[in-house]
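Read the structure below first, then the notes.
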Amino acid sequence: MQKTELKKLLESMSLQEKIDQMLQLVGSFYSEDTDEVLTGPESELGITDEDVRMAGSIEGTYGAQYLMELQKSYMEKQPHHIPMLFMMDVIHGMKTIFPIPLGQAAAFEPELSKRCASAAAKEAAVSGLHVTFAPMVDLVRDARWGRVMESGGEDPFLSSRLAQAQVEGFQGKDMSEPYKVCACVKHFAGYGAAQAGREYHTVELSEHTLRDFYLPAYKAGIDAGSGMVMTAFNTLNGIPASTNKWLMRDVLRDEMGFDGVLVSDFSAIAETVVHGHSEDLKDAAKKALEAGVDIDMMSGAYAANLSTLVKEGAVDEAFIDESVMRILELKNKLGLFENPYKDADPEKEKTVILCDEHRQLAGEAAAKSFVLLKNEGVLPVDTSKKTAFIGPYTNNKEIKSSWAFIGDSQDCVTIEEAAREVFDLTRTTFHAGSPVLGNDDAQALKGFAEKLPDPVPEEMQLSMLKEAVQAAKEADTVIMPLGEYYLQSGEATSRAMLDIPDVQMRLFREVAKVNENIIVVLFNGRPLDLREISRKAKAVLEVWLPGTEGGHAIVDVLTGKVNPSGKLPMSFPYCVGQIPVHYNEYSTGRPYQPGMQARYLSKYLDIPNTPLYPFGYGMSYTDFEISPVTLSGETVTEKTSITAAVTVKNTGTLSGTQTLQLYIQDVSASVVRPVKELKGFQKTELAPGEEATVQFVIEEPMLRFLRADGTVGSEDGRFRLWIGDSSDTENAAGFMLKREM
């Protein structure tokens, strides 16, 4: 449909019809008989039966046949036969579940995330969906915040590359193409900076920190063409995001150039009343509309109040027209006016969902996401030796995350299932050893989810422990799959203590007393406190929540079929007392270096400043040697660049992949700059004895930042750069920036 036709359509719509296009409800409002609606929650939201019938979009419902019937019924009743939008949280997979986004970030391979998003879009599209509420690109420095698992971690550059890749994967070049869906960059803005890591808590960010660290990933997703952006729950500068006119109109619309649909998060407009910013829902509707929020997700504020506000002259109907036009344009970009069902296809749904191609991609992505944190010569596993798998994740199918609720855990491959295909079963045993959660831990989650592990009597726990310890005594090597329960990470799962559940740690300690050859396989959605595990285990393999093909990928890495290559996208703290801890910090005027004896320095008395495992860290089964940095010149200008290079050589006995990372520091500037900032990375696969030259081009735009005068640009002066295998690298060189006058 041409834009002129859309304008005519808008002009012909009644005020209430337009307002209902701005209403989004959950699928439970609609019964299986699409001619009837559930009216139970209507009184709470202040909406009518007609609002429900005419709502412009619904979220949380899928299934090709059902959505096709719902679309047909809706369009028959809609005065202008405008199609409905179907949306859902397809975060890291629809039915085929890929590693959690934090795990995908560990692959340091944006193209891989793009492929995963594309596969997820295909499964979503054939299931009748038009929009996914992904990617979440919130920068996170605090592992106590549960939604770390949905993020790209602590670095703006890596997060930006991933945001771009995922938007391109979901949408393609044209979201009307077959098997593509609209992406939704979220949560705008600063949601990952919740104070004390507490979900939905206040955010306090200086504009400098907001713009230099937190906004770049949102901007990258918008520049990639994301058709939708979602508001955040938090306040910024004391104003909730959903009613923050400066944030949404000045920054998002004017500065970033976003012209797509802005949707509130679930009931976020109504929550501005609880924040204390809006007097009531009517006031909240007025403020959110004037801030430019186009769709009200599940608060009813718009549907119940906008008509009255217009009639009273309290709001200009032009604001409503502006929002509805954007909604119509999105429906048009998806091709829904020509084909309201788009890719919904019950037959293709049967063949595309969990197809071999997607499962293979899930396995590849999982293996590339794993990070080898420690290895004292026990990995790869020697399968000729007697091996005992001991731990509650040995045969646990709950390895897909709390945000992969569309997927079925029964489709996931466990470690035991995969190991039985490879290991000599006459020399291999499998034992849970303990429940994944102690009864107290499970009780703490009660009410949070319907599905929780059944309580295990203490007598049975002791029996499981005794059996496991005996197996450990008889084994040459013990592989211990341990970690968080999958519902301990995700939305509303802030944790003050980042420990593995006590019941699992009891198992680990008892096994460690009888066998020192322990390999820990770690399942988790966030960085954890691994001091004791790291000290006592011979090897630690971080596998995150790996998804559908997790078991196969883990066994492939344990046995050496695949050499681990992942790098940490987020620092693992020494302990919670360090948090927030991140590599790209400021120096302070009294920086501390290990070994310094002076008292008045920026340090702790009882713990180190540095994390247990830093950003960018990850080992391999082979060894790499990285040469000193060489530069093609000494000066960068606005028109000329220099090239920084290293030679990396595989000095080990196995083929492997090394991820070289480029970091830069502006030594002195009008505002303090981080001690290091990631500015590039390249993955290089090398056979034993093979070497390669890896080059990074340094150009002036890479050196720009938010200067003291509020403008973005670079400043003349001295710079340091490093090229190495983690943010801890000391492989440095220096250059100058001299801009032409």
Side-chain angles (χ1 to χ4, degrees), residues 24-38 52-53 55-78 81-98 115-134 169-172 174-184 330-362 400 404-412 547-549:
Q24 180 169 111
L25 299 172
V26 295
S28 58
F29 272 80
Y30 300 83
S31 68
E32 291 185 2
D33 181 349
T34 57
D35 291 327
E36 298 179 3
V37 295
L38 297 173
V52 175
R53 280 191 288 270
S57 60
I58 67 171
E59 63 109 350
T61 296
Y62 69 95
Q65 189 63 46
Y66 174 64
L67 292 185
M68 290 171 72
E69 292 170 1
L70 184 57
Q71 186 76 289
K72 182 176 183 294
S73 174
Y74 173 80
M75 291 181 67
E76 287 173 351
K77 299 187 183 88
Q78 215 286 331
H81 311 297
I82 298 170
M84 181 181 263
L85 280 171
F86 302 126
M87 311 186 191
M88 180 164 273
D89 290 276
V90 182
I91 306 300
H92 56 109
M94 178 77 181
K95 289 291 188 179
T96 306
I97 307 302
F98 303 98
R115 290 163 58 203
C116 292
S118 181
K122 187 172 185 178
E123 293 194 1
V126 298
S127 301
L129 295 172
H130 306 136
V131 179
T132 174
F133 295 127
F170 286 128
Q171 292 190 178
D174 180 347
M175 67 178 80
S176 69
E177 293 175 350
Y179 311 131
K180 294 302 177 184
V181 297
C182 175
C184 177
L330 175 58
K331 293 181 178 185
N332 194 44
K333 287 176 182 177
L334 283 160
L336 299 184
F337 287 104
E338 289 74 28
N339 180 10
Y341 309 115
K342 198 173 184 300
D343 303 307
D345 188 323
E347 293 307 311
K348 286 184 179 176
E349 196 174 18
K350 295 174 185 176
T351 59
V352 169
I353 297 293
L354 285 163
C355 64
D356 289 344
E357 179 185 354
H358 291 178
R359 276 191 171 273
Q360 289 171 11
L361 178 58
K400 60 181 182 54
F405 52 83
I406 311 167
D408 188 340
S409 297
Q410 294 309 307
D411 294 323
C412 294
T548 305
E549 286 294 314

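The first residue in the sequence is number 1, and the count goes up from there.
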With side chain to side chain contact (heavy atoms under 4.5 Å, CB included) as the criterion, how do Gln171 and Val181 come out once you've worked through the C-alpha distance, each side chain's angles and the decisive distance to 0.1 Å? CA-CA 5 Å; Gln171 292 190 178; Val181 297; over 6 Å; no
Before you tell me yes or no, could you show the steps for Thr548 and Lys400 under side chain to side chain contact (heavy atoms under 4.5 Å, CB included), namely the whole-Å CA-CA distance, both residues' side-chain angles and the distance that decides it to 0.1 Å? CA-CA 7 Å; Thr548 305; Lys400 60 181 182 54; over 6 Å; no
Full working for salt bridge (Lys or Arg N to Asp or Glu O under 4.0 Å) between Glu347 and Lys350: CA-CA 5 Å; Glu347 293 307 311; Lys350 295 174 185 176; 3.4 Å; yes
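The shortest side-chain heavy-atom distance between Met87 and His130 does not fall under the 4.5 Å cut-off. Between Met75 and Pro340 there is a side-chain heavy-atom pair separated by less than 4.5 Å. Inter-residue side-chain proximity for Thr96 and Ile353 is flagged as unmet; no heavy-atom pair is nearer than 4.5 Å. Inter-residue side-chain proximity for Tyr74 and Glu76 is flagged as unmet; no heavy-atom pair is nearer than 4.5 Å. Looking at heavy atoms from C-beta onward, Arg359 lies in side-chain contact with Asp411 at the 4.5 angstrom threshold. With contacts defined as side-chain heavy-atom distances shorter than 4.5 Å, the pair Lys122/His358 qualifies. In this structure, Ile58 and Val26 have side chains that are not in contact, with every pair of non-hydrogen atoms separated by 4.5 Å or more. At a threshold of 4.5 Å between non-hydrogen side-chain atoms, the residues Leu334 and Ser176 do not count as touching.
In the model, Lys77 has a side-chain atom that pairs as donor or acceptor with a side-chain atom of Ser73 under 3.5 Å. Under the 3.5 Å distance criterion, with hydrogens and angles disregarded, a donor-acceptor pair is assigned to the side chains of Tyr179 and Lys348. A donor and an acceptor atom, one from each side chain of Lys180 and Ser118, are located under 3.5 Å apart.
Sparse packing is recorded around CD of Glu357, with 12 or fewer heavy atoms of other residues, nucleotides or ligands lying under 6.0 Å away.
Interatomic distance, CD of Glu59 versus OG1 of Thr132, reported as 11.0 Å (0.5 Å rounding). Separation of atoms CD (Glu549) and CD1 (Ile97) is listed at 12.0 Å; rounding is to 0.5 Å. Separating the CG atom in Leu336 from the CG atom in Leu85 is a distance of 6.0 Å, to the nearest 0.5 Å. Here the CG atom belonging to Leu129 is positioned 6.0 Å from the CE atom belonging to Met88, to the nearest 0.5 angstrom. Note that CZ of Phe86 and CG of Leu67 are 5.0 Å apart. Values are rounded to the nearest 0.5 Å.
The six-membered or imidazole ring of Phe98 lies away from that of His92, with a centre-to-centre distance of 6.0 Å or more.
Heavy atoms only, all atoms of each residue included: Leu330 and Cys182 are closest at CD1-SG, 3.7 Å. Shortest non-hydrogen contact noted between Phe133 and Ile91 is O-CD1, 3.3 Å. Nearest heavy atoms, Ala120 versus Val90: CB-CG1, 4.0 Å. Here the closest non-hydrogen pair linking Val126 and Ala64 is O-CB, 3.2 Å. Scanning all heavy atoms of the two residues, the minimum distance from Gln65 to Pro346 falls at OE1-CG, 3.3 Å.
Not a single donor-acceptor pair under 3.5 Å links the side chain of Ser57 to the backbone N or O of Met84. Listed for the Lys333 side chain is no donor-acceptor partner under 3.5 Å among the backbone atoms of Met175. Under a 3.5 Å cut-off, the side chain of Tyr30 and the backbone N or O of Thr61 do not form any donor-acceptor pair.
Residues meeting the salt bridge (charged side-chain N to carboxylate O under 4.0 Å, His left out) test with Glu123, sequence neighbours left out: none. Considering only residues two or more places apart in sequence or on other chains, Asp89 meets the salt bridge (charged side-chain N to carboxylate O under 4.0 Å, His left out) condition with Lys186. Considering only residues two or more places apart in sequence or on other chains, Tyr341 meets the ring-ring contact (aromatic ring centres under 6.0 Å, His included) condition with none of them.
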